[in-house]
Amino acid sequence: MADNVVLVRHGETEWSRDGRHTGRTDLPLTAVGRRQATALAGPLAGWHFSLVLSSPLQRALETCRLAGFETTAQVRLELMEWDYGRYEGLTSRQIAEQSPGWSLWRDGGPGGETPADVGRRVDRVISEVRQAGGDVLIFAHGHVLRVLTARWLGEPPDGGRHYALQTATLSVLGYEHQDPVISRWNLPPPS
């Protein structure tokens with residue numbers, strides 16, 4: 001059983017900075033995002049990870065590399081960001097103009113994934129993580145990590161709507177008396 005699961009959302013990209021839904025579009029980090037990712041190396045240096053996983057998208061892999069874990073990371077397709085379908089690249093405001101009342105957490109991405117689809121993906125990651133001994137480190141994306149957190153806690157995938165997650169932040173999942181818990185959430189790297 002994993003002791004702690006440290007979640008890292010990738011550093012800033014142009015689209016995350018602008019509030020655009022960035023699912024499968026493979027964007028690099030901005031200069032700010034690269035500085036954020038490099039700053040994560042310090043807080044992560046005190047840990048020993050028995051397993052390091054990353055999304056295959058370059059913003060997660062670049063964050064992983066700059067934080068110092070490129071050589072130990074294993075790529076998992078299940079950690080790719082939510083497929084937003086036709087809403088890829090749009091802001092929430094643009095989506096609301098097209099589809100008033102739309103909610104990613106209820107409706108999913110038209111032509112993309114539903115919350116249940118993403119939940120099934122992260123359940124496979126959670127199963128692997130729970131079999132690892134020691135601490136685990138995961139580099140991925142905002143929405144997929146929010147769904148992973150909900151599923152870790154035994155909630156339905158749409159429970160992720162309650163866990164806001166900024167770029168280049170650290171969060172820690174663990175256990176308290178055998179119960180899955182959030183130990184720390186949405187911590188920014190040191191400036």
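What you see is a predicted model, and the numbers here were worked out from it, not measured in a lab.
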Participant: Do E81 and S55 have side-chain atoms, one donor and one acceptor, less than 3.5 Å apart?
Facilitator: no
Participant: Determine, for R24 against E113, whether the closest basic-nitrogen to carboxylate-oxygen distance falls under 4.0 angstrom.
Facilitator: yes
Participant: Between V144 and V118, is a side-chain contact (heavy atoms from CB on, under 4.5 Å) present by the stated rule, with each step listed?
Facilitator: CA-CA 7 Å; V144 75; V118 180; 4.0 Å; yes
Participant: With a 3.5 Å distance limit and no angle check, can you tell me whether R146 reaches the backbone of Y163 through a side-chain donor-acceptor pair?
Facilitator: yes
Participant: Got T169 and L187 here, is their nearest side-chain heavy-atom distance under 4.5 Å?
Facilitator: no
Participant: Say you draw a straight line from CH2 of W185 to CG of L170; how long is it, rounded to the nearest 0.5 Å?
Facilitator: 11.0 Å
Participant: For the CG atom of L137 and the CZ atom of F49, what is their distance to the nearest 0.5 Å?
Facilitator: 4.5 Å
Participant: In Å and rounded to the nearest 0.5 Å, what is the CD1 to CZ distance from I138 to R76?
Facilitator: 10.0 Å
Participant: Do you know which of E62, H141, Q58 makes side-chain contact (heavy atoms from CB on, under 4.5 Å) with H10?
Facilitator: H141
Participant: Sequence neighbours left out, what pairs pass side-chain hydrogen bond (donor to acceptor under 3.5 Å, both in side chains) with at least one residue falling in residues 30-48?
Facilitator: E12-T30
Participant: Tell me whether the guanidinium CZ or amine NZ of R130 lies under 6.0 angstrom from the six-membered ring centre of W152 and within 45° of its axis.
Facilitator: yes
Participant: If you look at every heavy atom in W105 and P115, which pair is closest and at what distance?
Facilitator: O-CG, 3.1 Å
Participant: Using the side-chain contact (heavy atoms from CB on, under 4.5 Å) rule, take I95 and L104 through it: C-alpha gap first, then chi angles, then the decisive distance, then the call.
Facilitator: CA-CA 10 Å; I95 294 168; L104 176 66; over 6 Å; no
Participant: Do M80 and L57 come within less than 4.5 Å of each other through their side chains, counting heavy atoms only?
Facilitator: yes
Participant: How close do P157 and A116 get, heavy atom to heavy atom, and via which atoms?
Facilitator: CG-CA, 4.3 Å
Participant: When you measure from the side chain of S50 to the backbone of G133, do you find a donor-acceptor pair of N or O atoms at a distance under 3.5 Å?
Facilitator: yes
Participant: Please name the pair of heavy atoms, one in L40 and one in P43, separated by the smallest distance, quoted to 0.1 Å.
Facilitator: O-CD, 3.2 Å
Participant: Which pair of non-hydrogen atoms, one from N186 and one from L165, has the smallest distance, and what is that distance?
Facilitator: OD1-CA, 3.4 Å
Participant: At what distance, to the nearest 0.5 angstrom, does CG of D3 lie from CG of D135?
Facilitator: 5.0 Å
Participant: Could you state whether Y175 and V136 fall into the same hydrophobic cluster, counting links through intermediate Ile, Leu, Val, Met, Phe, Trp or Tyr residues with side-chain heavy atoms under 4.5 angstrom apart?
Facilitator: yes
Participant: Step through it carefully: locate the ring centre of H21, locate the ring centre of Y87, and say whether they are under 6.0 Å apart.
Facilitator: no
Participant: Would the distance check show the side chain of T25 and the main-chain N or O of T22 forming a donor-acceptor pair, the cut-off being under 3.5 Å?
Facilitator: no
Participant: Is any side-chain heavy atom of P56 closer than 4.5 Å to one of L77?
Facilitator: yes
Participant: If you apply the rule side-chain contact (heavy atoms from CB on, under 4.5 Å), what do you find for V5 with I126, and how did you get there?
Facilitator: CA-CA 10 Å; V5 182; I126 290 170; over 6 Å; no
Participant: Test L173 against V129 for side-chain contact (heavy atoms from CB on, under 4.5 Å), laying out the working first.
Facilitator: CA-CA 11 Å; L173 306 177; V129 163; over 6 Å; no
Participant: As an exercise, state the distance from CG of L153 to CZ of R151, rounded to the nearest 0.5 Å.
Facilitator: 10.0 Å
Participant: May I ask whether V8 and I182 are part of the same hydrophobic cluster, defined by side-chain heavy atoms of I, L, V, M, F, W, Y residues being less than 4.5 angstrom apart, directly or through others?
Facilitator: no
Participant: Taking all non-hydrogen atoms of both residues into account, name the closest pair between R59 and G23 and its distance.
Facilitator: NH2-O, 2.8 Å
Participant: Is there a donor-acceptor pair under 3.5 Å between the side chain of D117 and the backbone N or O of T114?
Facilitator: yes
Participant: Let me check something: do F69 and L29 share a hydrophobic cluster, defined by ILVMFWY side-chain heavy atoms less than 4.5 Å apart, either directly or through other members?
Facilitator: no
Participant: Tell me, do L61 and V75 make a side-chain contact under 4.5 Å, heavy atoms counted?
Facilitator: yes
Participant: Indicate yes or no: at least one non-hydrogen side-chain atom of L7 is less than 4.5 angstrom from one of V172.
Facilitator: no
Participant: What's the shortest heavy-atom distance between L66 and A41, and which atoms?
Facilitator: O-CB, 4.2 Å
Participant: Do side-chain atoms of T63 reach the backbone of G11 as a donor and acceptor pair under 3.5 angstrom?
Facilitator: yes
Participant: Any idea how Y84 and H143 line up, ring-wise: parallel (<30°), tilted (30 to 60°), or perpendicular (>60°)?
Facilitator: perpendicular
Participant: Using the rule that two of Ile, Leu, Val, Met, Phe, Trp, Tyr join whenever any of their side-chain heavy atoms come within less than 4.5 Å, decide whether W102 and W82 are in one cluster.
Facilitator: yes
Participant: Side chains of V181 and S183, heavy atoms from C-beta outward: is any pair under 4.5 Å?
Facilitator: yes
Participant: Measuring from L145:CG to L79:CG, what's the distance to the nearest 0.5 Å?
Facilitator: 7.5 Å
